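Here is the naming used below: chain letters follow the sequence lines, and residue numbers restart at 1 for every chain. What you are looking at is a predicted structure, and each value in this text was computed from that prediction instead of being measured.
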There are 2 protein chains.
Amino acid sequence: MAGKRVTIRDVARAAGVSYQTVSRAFNDKGEINGDTKRRVMESARELGYRPSRFARGLVRQDTTSIGLVIPDLLNPFFTEVAAAALDAARQRGWHVLLYDTADDRELELDALGVIGSQVDAVVGYFYEPVEIIEKVVHGMPTVYIGRDRAGATFTSIHIDGGPGIRAAVAHLVADGRHRIGMLDHGGNRPPSSRRRWFLDAMREHGLTGVAVGADQSIDGGARAMASMLEAHPDLDGLLTYNDVIAIGAIRRAVQLGRRVPQDCAVIGFDGLSLGEIVEPQLTSIRIDTRQLGALAIEQVAKLLAGEPAGLATVTPALHVRGSA
Amino acid sequence: MAGKRVTIRDVARAAGVSYQTVSRAFNDKGEINGDTKRRVMESARELGYRPSRFARGLVRQDTTSIGLVIPDLLNPFFTEVAAAALDAARQRGWHVLLYDTADDRELELDALGVIGSQVDAVVGYFYEPVEIIEKVVHGMPTVYIGRDRAGATFTSIHIDGGPGIRAAVAHLVADGRHRIGMLDHGGNRPPSSRRRWFLDAMREHGLTGVAVGADQSIDGGARAMASMLEAHPDLDGLLTYNDVIAIGAIRRAVQLGRRVPQDCAVIGFDGLSLGEIVEPQLTSIRIDTRQLGALAIEQVAKLLAGEPAGLATVTPALHVRGSA
DNA sequence: AGCGGTCACGTGACCGTTCACGACAATGCT
DNA sequence: AGCATTGTCGTGAACGGTCACGTGACCGCT
């Protein structure tokens, strides 16, 4: 039953033709008699024959497929990026293998390992440093999302939050706010670039920013906000590493009796459409995720064509809604 | 440059060994001298050699990959399902090719067409009827999510909303509400099963339900709610086809001066985690998307093993939060 | 009758790997 | 020294298709 795979020759034998004729029938190529074709398709269906994707791909090397590696599909930011990349890939007729590494370094490397023999290129948002990644992909074309720099051997897409964060701080300061904090990403990861941009921007206004880490989830944002408000009860402005954290922070702030934005303005980062359905609507530094996804695919295309692609940059901009 | 692919023989020639030895080096199989291996890997890297996934797959037919077809990744319900399926597939070591058909029948068929030669099985949430789908997948194992029935040749996962919807209606009635409406999905699609379950449940209480269609988006929910309230200003309870519609409906209801849930209670369908971040939190008939995704993969596994899998069912349950 | 042109189909080569097997040198043993 | 053993490596054959040809039947034409 689970015996041998049924091959094109089995079908040929059953239909009383040569295997080439079967091939013709399946690819409705060239000249083949209508009756013969029907007969072939008939016995093919009876035997449950389906052409091997490997054998087929081996000879006509047209289809390209890429691996998309993200840390967490349920994080709306990555959902949007994935959707955009999927769309861009489809327009080129590419296939996309999606891997969700569940924020796990181990799984990230695993995914890259198994991916290697399945795709022509990889694009992803990785946690591991480039050197480690490169070791495991064995020279496969790779595009890194969210890396500040590119190297001789790798291509990346830089998210330059500097201008947006500067605009956000300026927006708060212009509103008369001076006690501004930030909820950075947390865990044991090093401080993000976004935190640096924030601190720099504060300094430009002669202010001192205070930053703490938060898990990248609503609860994480809520918890971090609680300790932030405990340490700085007079906080009147907040930036966050991303929108999800911001939403958690707002909720906790409200629970603790703050009015948002009156008592404490909150500005997220990502500009997810999710920010529209919360109350107040979330002001955020908005990344054009469609552009980001399209750019990623474009870079892959360049790499696949042999031209080194280097560094591409997206520059998110402040998008004022209700929370600041 | 964009010339021929570099094959295992090229590497062999460069390293001065046979191609078999190169193969050994790459799969760190059996007996090979350490020095030889290093030398092989070296020239492989110089030439930029990477084994062909097709040739490799052809001979060791171990890797299985499946296609996951969904209408819209940005719809949080499908995001959750996809994430769950991805996870379940990973646990089996399967690869997942994801296709977002953008709610487009044309693209759905396109996706299935190109998928055919790339995957071993397909699971998806399709709009087209089974007969059409079957025609284009050419006998590939297929699992249909959200179909009420299974057939001899296809397998499906049924979402039995009946009990949940009955509970929801009972919940509203117990609350003294009698003027209950429903926002079904819209477009030119036929009324959903959910609508039928709703009308039946209402009838059981001796009530008459009124249902109108809505686009599956926040805006769609808002628009439909506006016309619903215009036609029935005294509406005091609402069910919706899904949570996204419910969120739009709540927003519009509030804009039109209704208090939710006091004046009009709203119950969604899907039970997305999204429902926790809106105010009030959304009461909903909750589908266990993790179970749904896992079940889908499980059915695929059965199909792949040769055992017909038939019909599986998930039964969502009323999950009371704040909006009803 | 002989010829060229279609149509429908079959033959041989090839795609890039892995696997089973055999060859061969170096080594160990008696 | 003779022989079995071990460690490395090479050779031939799949794996399941597609593609460029070659071939024969059949047709109409001169």
Side-chain angles (χ1 to χ4, degrees), chain A residues 2-44 47-65 114 116-120 138-140, chain B residues 3-41 43-44 47-65 114 116-120 138-140:
Chain A
K4 301 289 300 162
R5 163 185 257 284
V6 30
T7 97
I8 199 173
R9 288 160 215 267
D10 297 328
V11 178
R13 203 173 313 122
V17 295
S18 84
Y19 52 86
Q20 162 66 334
T21 303
V22 178
S23 173
R24 266 194 275 265
F26 264 82
N27 305 310
D28 40 51
K29 264 284 180 41
E31 305 89 0
I32 183 176
N33 185 293
D35 283 342
T36 316
K37 175 166 178 178
R38 254 184 298 282
R39 192 155 39 97
V40 167
M41 296 310 265
E42 174 62 19
S43 13
L47 295 176
Y49 164 75
R50 289 193 320 111
S52 148
R53 67 170 190 274
F54 293 117
R56 184 172 269 180
L58 190 54
V59 40
R60 19 175 265 218
Q61 15 225 45
D62 41 6
T63 66
T64 80
S65 53
V114 297
S117 51
Q118 294 285 332
V119 299
D120 302 305
H138 282 305
M140 179 159 40
Chain B
K4 302 288 299 161
R5 166 184 254 284
V6 31
T7 101
I8 200 174
R9 289 162 213 267
D10 297 329
V11 179
R13 204 173 310 121
V17 294
S18 82
Y19 51 85
Q20 162 66 335
T21 303
V22 178
S23 172
R24 268 194 273 262
F26 263 81
N27 306 310
D28 41 51
K29 264 283 180 45
E31 307 90 358
I32 182 177
N33 185 294
D35 285 340
T36 317
K37 174 167 179 179
R38 255 183 298 282
R39 192 156 36 100
V40 167
M41 296 311 264
S43 15
L47 295 177
Y49 164 76
R50 289 194 320 112
S52 149
R53 67 170 188 275
F54 293 116
R56 182 172 271 180
L58 188 54
V59 40
R60 18 177 264 216
Q61 15 224 46
D62 41 7
T63 66
T64 80
S65 52
V114 297
S117 50
Q118 295 284 329
V119 300
D120 303 305
H138 282 307
M140 177 159 41

Whole-Å gap separating [atom2] ([N]) and [atom1] ([X]):
X: A/I8; N: D/dC19; atom1: CD1; atom2: C1'; value: 12 Å
X: A/R53; N: C/dT17; atom1: CZ; atom2: C1'; value: 15 Å
X: A/N27; N: D/dG17; atom1: CG; atom2: C1'; value: 9 Å
X: B/L58; N: C/dG16; atom1: CG; atom2: P; value: 12 Å

- Please determine if a side-chain N or O atom of B/R56 lies less than 4.0 Å away from the OP1 or OP2 oxygen of C/dT18.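 So the side chain of B/R56 is within the cut-off, an N or O lying under 4.0 Å from OP1 or OP2 of C/dT18.
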- Task: Return no unless some side-chain N or O of B/S52 is found under 4.0 Å from OP1 or OP2 of C/dT17.
- Result: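 Answer is no, no contact under 4.0 Å.
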Holding to side-chain contact (heavy atoms from CB on, under 4.5 Å), I want the full list of residues that pass it with [X], two or more places apart in sequence or in another chain.
X: A/A25; answer: A/I32, A/K37, A/V40, A/M41
X: B/S52; answer: A/L58, B/R5, B/F54, B/A55
X: B/R9; answer: B/T7, B/R13, B/Y19

- Results of salt bridge (Lys or Arg N to Asp or Glu O under 4.0 Å) for A/R53 - residues two or more places apart only: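 For A/R53 the salt bridge (Lys or Arg N to Asp or Glu O under 4.0 Å) partners, ignoring immediate neighbours, are B/D120.
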- Compute whether any side-chain donor of one residue and acceptor of the other, for B/N27 and B/R56, lie under 3.5 angstrom apart.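 Note: B/N27 and B/R56 side chains meet the donor-acceptor criterion.
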- Going by atom types alone, do A/Q118 and B/S65 pair a side-chain donor with an acceptor below 3.5 Å?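 Result is no, nothing qualifies.
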- How far apart are the closest heavy atoms of A/V6 and A/G48, and which atoms are they?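 Heavy-atom minimum between the residues: CG1-O, 3.8 Å.
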- Item | Smallest separation among heavy atoms of B/A12 and B/S18, with atom names |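 For B/A12 and B/S18, the tightest heavy-atom pair comes out as CB-C, 3.6 Å.
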- Determine which bases of DNA chain D form Watson-Crick or G-U wobble pairs with both distances under 3.5 Å, and write the result as a 5' to 3' dot-bracket string with | for other-strand partners. ||||||||||||||||||||||||||||||
- Under 4.0 Å protein heavy-atom contact, by nucleotide of nucleotides 9-14 of chain C - B base, S sugar-phosphate only: BBBB--
- Message: Just to be sure I understand the rule, does B/F26 reach a base, reach only the sugar-phosphate, or reach nothing, if contact means heavy atoms closer than 4.0 Å?
- Response: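 Result for B/F26 = nothing.
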- Query: Base, sugar-phosphate, or nothing for A/R50, non-hydrogen atoms under 4.0 angstrom?
  - Reply: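 Sugar-phosphate: the residue A/R50, judged by heavy atoms under 4.0 Å, touches backbone atoms but no base.
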- Query: What is the distance from atom OG1 of B/T21 to atom CD1 of B/I8, rounded to the nearest 0.5 Å?
  - Reply: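 Spacing of OG1 (B/T21) from CD1 (B/I8) equals 9.0 Å.
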